[in-house]
Amino acid sequence: MTDPTSATVAAQLADNSSYVRKHGTAIFAIADYSTAVPTSFFDATTGQPLLLPAGFKNLGYVSTKGFVVKKDVKSDDTTMLQDLDPVRSDLSSSSRTIAVEFGESSAWVKALMAGQQVSTWPATNSGAWKFTEKGAQETPYYRVLLLTQDGVGDQAFYRVELAYRAKITDYGDRTMDRSDSEVEAPTFTCYKDPLLDGSTYYAESSPAVAA
């Protein structure tokens, strides 16, 4: 019997709804650039995430916009007199950014927005803080870790994404009014880490394992 040479679209579907992801349960954590990068993020037996690595601070609530991870590439076209269409295209730049809106006006969030090294933040997070701004200043490099969970129990999938070397390169508007919660909205740009063979970004998924 020969293999069929035609079939309906429905008969050829290869979709899997269990691979559709949402990231409603999530952590944004940050550490100084000098912090050691973990060698593993998930328990080999259970598939569950290991505890946050030493030196990383969990910044609490983020708005329902979640994390916007954006990769921009720019290309330059080469054209010739005889053709209206480009004859080739070459990448000229590439950048990755992470935008987030922090929902807590906490000491750790405010210290980050003030451009402080994580090592100088208060040992315990709280709602009491004060900062004096003295004009614009260069922001330090950090390590940024996103940890998310989709599903529960042995049906959960976990995701970790790590920017090895990132810094705040843009600040969103901070709105103070009666109806909206106040958020701090930085955008981080990711850069190559010269200490890690020029690596910029790491991502890994792990399903929970049934007992």
Side-chain angles (χ1 to χ4, degrees), residues 1-29 37-53 61-101 103 143-166 169-170 172 185-193 196-211:
M1 183 177 179
T2 60
D3 293 332
T5 58
S6 63
T8 65
V9 172
Q12 299 182 67
L13 291 177
D15 42 21
N16 189 331
S17 61
S18 68
Y19 294 158
V20 177
R21 294 283 163 262
K22 289 192 174 183
H23 303 273
T25 305
I27 289 173
F28 184 106
V37 176
T39 57
S40 61
F41 295 93
F42 300 106
D43 185 278
T45 302
T46 65
Q48 293 184 352
L50 299 174
L51 294 177
L52 282 179
Y61 271 137
V62 299
S63 76
T64 54
K65 292 182 179 179
F67 317 119
V68 180
V69 183
K70 184 177 181 181
K71 187 172 183 179
D72 277 331
V73 294
K74 180 183 177 183
S75 59
D76 293 331
D77 293 337
T78 299
T79 57
M80 293 294 170
L81 175 65
Q82 293 89 344
D83 285 314
L84 294 177
D85 297 326
V87 296
R88 65 177 290 168
S89 180
D90 301 279
L91 289 180
S92 58
S93 67
S94 174
S95 66
R96 187 192 303 268
T97 58
I98 303 171
V100 61
E101 289 183 350
R143 300 203 192 277
V144 173
L145 188 149
L146 310 180
L147 180 61
T148 70
Q149 176 178 336
D150 181 22
V152 295
D154 60 8
Q155 298 176 8
F157 275 81
Y158 302 100
R159 171 86 60 80
V160 64
E161 300 194 15
L162 174 70
Y164 293 109
R165 184 170 177 256
T169 53
D170 193 27
T187 296
F188 295 82
T189 298
C190 307
Y191 301 94
K192 288 183 176 181
D193 187 344
L196 295 172
D197 298 325
S199 299
T200 58
Y201 206 76
Y202 179 83
E204 181 182 357
S205 176
S206 174
V209 179

T187 OG1 to E101 CD distance, which is reported to the nearest 0.5 Å:
9.5 Å
Backbone N/O of A7 and side chain of Q12: donor-acceptor pair under 3.5 Å:
yes
For S18, is there any backbone N or O sitting under 3.5 Å from a side-chain donor or acceptor partner on N16?
yes
So do R96 and Y201 actually touch side chain to side chain, heavy atoms under 4.5 Å?
yes
Could you check whether atom CD of E204 has more than 12 heavy atoms from other residues, nucleotides or ligands sitting under 6.0 Å from it?
yes
Heavy-atom side-chain proximity of R143 to D193 below 4.5 angstrom:
yes
Can you check whether K74's main-chain N or O pairs, donor with acceptor, with S92's side chain at less than 3.5 Å?
yes
Taking C-beta and beyond as the side chain, do F188 and T97 meet within less than 4.5 Å on heavy atoms?
no
What distance separates T200 OG1 from K192 NZ, expressed to the nearest 0.5 Å?
8.0 Å
I'd like to know whether CG of L51 has more than 12 heavy-atom contacts from other residues, nucleotides or ligands below 6.0 angstrom.
no
Would you compute the distance between atom CG of D150 and atom CD of Q155 and round it to the nearest 0.5 angstrom?
10.5 Å
Distance in Å, L147 CG paired with H23 NE2, rounded so as to fall on 0.5 Å steps:
11.0 Å
How many angstroms lie between atom CZ of R159 and atom CZ of R21, to the nearest 0.5 angstrom?
7.5 Å
Which pair of non-hydrogen atoms, one from K65 and one from V68, has the smallest distance, and what is that distance?
O-CG2, 4.3 Å
Check: V209 and D43 side chains under 4.5 Å, non-hydrogen atoms:
no
Between atom CG of L50 and atom OH of Y158, what is the distance when rounded to the nearest 0.5 Å?
11.5 Å
On a heavy-atom basis, which atom in S94 and which in V73 lie closest, and how many Å separate them?
OG-CG1, 3.7 Å
Tell me, do Y202 and V37 make a side-chain contact under 4.5 Å, heavy atoms counted?
no
Please give me the minimum heavy-atom distance between S199 and Y164, naming the atom from each residue.
CB-CE1, 3.6 Å
Flag side-chain contact, heavy atom, 4.5 Å: L145 against P53:
yes
Kindly indicate whether the side chain of L146, heavy atoms from C-beta on, has any atom under 4.5 Å from the side chain of V100.
no
Might you point out which heavy atoms bring G47 and F42 nearest each other, and give the distance in Å?
O-CD2, 3.6 Å
If I compare all heavy atoms of G153 with all of A208, which pair ends up nearest, and what's the gap?
O-CB, 3.3 Å
